[in-house]
2 protein chains.
Amino acid sequence: MSGEDNLLKLVEVEAPDDQDYLLQEQVGFILRKAHQRHVAIFAAHIGDLTPPQFAALAKLRDVGETSQNQLGTLIAMDAATVKGVIDRLKARGLVELSKHEVDKRRLLVNLTAEGRDAIERLIPLAREITQETLAPLSAKEIATFMKLLVKLA
Amino acid sequence: MSGEDNLLKLVEVEAPDDQDYLLQEQVGFILRKAHQRHVAIFAAHIGDLTPPQFAALAKLRDVGETSQNQLGTLIAMDAATVKGVIDRLKARGLVELSKHEVDKRRLLVNLTAEGRDAIERLIPLAREITQETLAPLSAKEIATFMKLLVKLA
DNA sequence: TTGATATCATTTGCATACGAATGAATTTTC
DNA sequence: GAAAATTCATTCGTATGCAAATGATATCAA
C-alpha cells in the first residue's frame with residue numbers, strides 16, 4: 001500500500017464520504033423498526049387495547065388516582081396525547097374522571113371497577129408480550145440490552 | 001430463613017405476583033421512550049423534515065427510482081403510510097412521480113434535483129443526530145447495543 | 001395585594017401508523 | 001386462455017404524537 005493510499009484511508013475514516021450513509025444502520029431507523037415490531041406483538045396478544053391505553057391503566061393501577069397531566073408525565077405522554085387516550089378509556093368505562101376539590105384546574109383520573117378488572121386480567125398477557133419481544137435475545141443479552149436501552153431512553 | 005420462606009420465594013420466582021409488574025421496566029415502554037427521544041433530537045437538528053420523510057429521501061438516494069410500494073418495504077412503512085409521506089414530499093418538490101411503462105399498477109418515485117440537493121445537504125446533520133442519540137453510551141456500548149437492537153428489530 | 005409567572009387542561013392542525021375495504025392490473029394455475 | 005390468486009395503489013377510519021395557541025386557575029414576588 002502506498003503512502004498516498006494511507007493518507008486517503010485516514011481522511012476517509014475521519015470524514016467519511018456521504019456515500020457511506022446507510023439508513024438501515026442508523027439507530028433511529030432501527031429503533032423505529034424495533035418499536036413497530038413490539039407494537040405488532042402487542043396487538044397480537046391484546047387486540048382491543050393499544051400500548052398507550054394499556055400504559056395508562058397499568059400506571060393508574062400503580063399510583064391510584066392522579067391528575068391527567070401527572071399521569072401523562074408518568075407514562076411519557078404530552079398533555080394533548082394523554083387527553084385523547086383518557087377520553088377513549090373513559091368512553092369504554094375503564095376510567096372515571098372527577099374534579100380536584102382544591103385545585104380547580106386539575107382533572108382527576110381513576111380506574112373504574114371494570115378498569116381494574118381489565119388491567120389485572122391483561123397483566124399476564126403483557127408479560128408474554130415482553131417475553132416475545134425479547135425472544136430473539138438470550139437471557140444475558142436481555143440484561144445487557146435493557147441496561148443500555150434505559151441509558152438511551 | 002425457614003423452609004417455608006424458601007418455598008414461597010421459589011414460587012414467586014416461577015410465577016411472580018401481578019404486583020411485580022412495573023410498566024417502566026418493560027421493553028415496549030422504554031423502546032417507545034427511546035424512540036421519542038430520538039425523534040426530538042431529530043427535530044432539533046432537522047426542523048423542516050420528519051424522520052420518515054428523511055428516510056424516504058435517503059433511500060431514494062441509495063436505490064434510485066422505485067415504485068411507491070417497494071420504497072415502503074425498504075423503509076418499513078405500509079402502503080397507506082408511505083403514500084402520505086410521498087404526497088407531502090411531492091407537494092414540496094423533493095420527489096417526482098411517474099407511471100411505470102410496463103406494469104400500469106406501479107407508481108414510480110424518484111428524487112428531483114432539489115430533492116437530491118436536500119438529502120445531500122441533510123446527511124451530515126443526520127450523522128450528528130445519530131451521534132447525539134447514542135451519546136449516552138460509550139463506543140463499546142454502542143457496538144453492543146446496535147448488535148442487539150438489530151436482533152430485536 | 002396585585003401583577004407577573006407558572007401550571008393544568010383543551011383545542012387545532014399536521015404527520016405518522018396501520019387495519020380493512022376497494023379497484024385496477026398482473027401473475028399463477030389449471 | 002379463463003378463473004383464481006396476487007400485487008399495487010388508494011381511501012377511510014381510528015389512534016397516537018407533538019407544537020402552538022388559548023383560557024382558567026394557582027402561585028410567586030415585589
Side-chain angles (χ1 to χ4, degrees), chain A residues 28-29 31-44 46-57 65-92 94 97-109, chain B residues 28-29 31-44 46-57 65-92 94 97-109:
Chain A
F29 184 73
L31 222 36
R32 177 169 146 270
K33 288 213 299 177
H35 181 247
Q36 277 178 356
R37 175 171 165 271
H38 167 74
V39 172
I41 292 170
F42 189 102
I46 301 179
D48 67 338
L49 220 57
T50 65
Q53 288 166 1
F54 175 86
L57 296 183
E65 189 173 60
T66 10
S67 74
Q68 203 174 255
N69 248 26
Q70 177 60 18
L71 180 60
T73 301
L74 293 172
I75 58 180
M77 276 178 222
D78 71 11
T81 301
V82 84
K83 184 187 189 309
V85 173
I86 294 303
D87 279 354
R88 286 180 281 277
L89 291 175
K90 176 175 184 286
R92 294 176 54 175
L94 299 177
L97 305 180
S98 59
K99 289 174 187 167
H100 193 287
E101 289 298 317
V102 179
D103 189 338
K104 294 179 184 173
R105 294 169 306 177
R106 294 190 198 170
L107 185 65
L108 296 176
V109 191
Chain B
F29 184 72
L31 222 36
R32 177 170 146 270
K33 288 212 299 176
H35 182 247
Q36 276 177 358
R37 175 170 165 272
H38 167 74
V39 172
I41 292 170
F42 188 101
I46 301 181
D48 66 339
L49 222 54
T50 65
Q53 288 167 1
F54 175 86
L57 296 183
E65 189 174 59
T66 9
S67 75
Q68 203 173 254
N69 247 28
Q70 176 60 18
L71 180 61
T73 301
L74 293 172
I75 58 180
M77 276 177 222
D78 72 9
T81 302
V82 83
K83 184 186 190 313
V85 173
I86 293 303
D87 278 354
R88 284 180 282 277
L89 291 175
K90 176 175 183 286
R92 294 176 54 175
L94 300 177
L97 305 178
S98 58
K99 289 175 188 168
H100 192 287
E101 289 297 316
V102 179
D103 189 338
K104 294 178 186 175
R105 294 170 307 178
R106 294 190 197 167
L107 185 66
L108 296 175
V109 190

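Naming convention: chains lettered A, B, ... in sequence-line order (proteins, then strands); numbering from 1 in each chain.
- Scanning DNA chain C 5' to 3' for nucleotides with an atom closer than 4.0 angstrom to a non-hydrogen atom of chain A gives a first and last hit of C:dT7 to C:dC18.
- The minimum heavy-atom distance between A:Ala56 and A:Leu89, with the atom names listed, is CB-CD1, 3.8 Å.
- For the residue pair A:Ile46 and A:Phe54, the shortest heavy atom distance occurs at CD1-CD1, 4.4 Å.
- Computed from coordinates, the B:Gln36 CD to D:dA19 P distance equals 10 Å when rounded to whole Å.
- Taking the six-membered ring for Trp and thresholds of 30 and 60 degrees, B:His35 and A:His35 have nearly parallel ring planes, at less than 30 degrees apart.
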Assess whether side-chain contact (heavy atoms from CB on, under 4.5 Å) is satisfied between A:Thr66 and A:Val109, documenting all intermediate values. CA-CA 6 Å; A:Thr66 10; A:Val109 191; 5.7 Å; no
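- A:Ala34 approaches B:Leu31 most closely through the heavy-atom pair O-CD2, 3.9 Å.
- The residue B:Val102 sits close only to the backbone: its heavy atoms come under 4.0 Å of sugar-phosphate atoms, none of a base.
- Using a 4.5 Å heavy-atom cutoff, the side chains of B:Pro51 and A:Arg32 are not in contact.
- To the nearest 0.5 Å, atom CZ of residue B:Arg88 and atom NZ of residue B:Lys83 are 9.5 Å apart.
- Annotation for A:Ala76 and B:Lys33: closest pair CB-CD, 3.7 Å, computed over non-hydrogen atoms.
- Here D:dT16 presents its P atom at 10 Å from CD1 of A:Ile86, a figure rounded to the nearest Å.
- What separates CZ of B:Phe42 from C1' of D:dG17 is a distance of 16 Å, to the nearest Å.
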Take nucleotides 4-15 of chain D nucleotide by nucleotide from the 5' end and write B, S or -, depending on whether a protein heavy atom sits under 4.0 Å from the base, only from the sugar-phosphate, or from neither. ---BSSBB---S
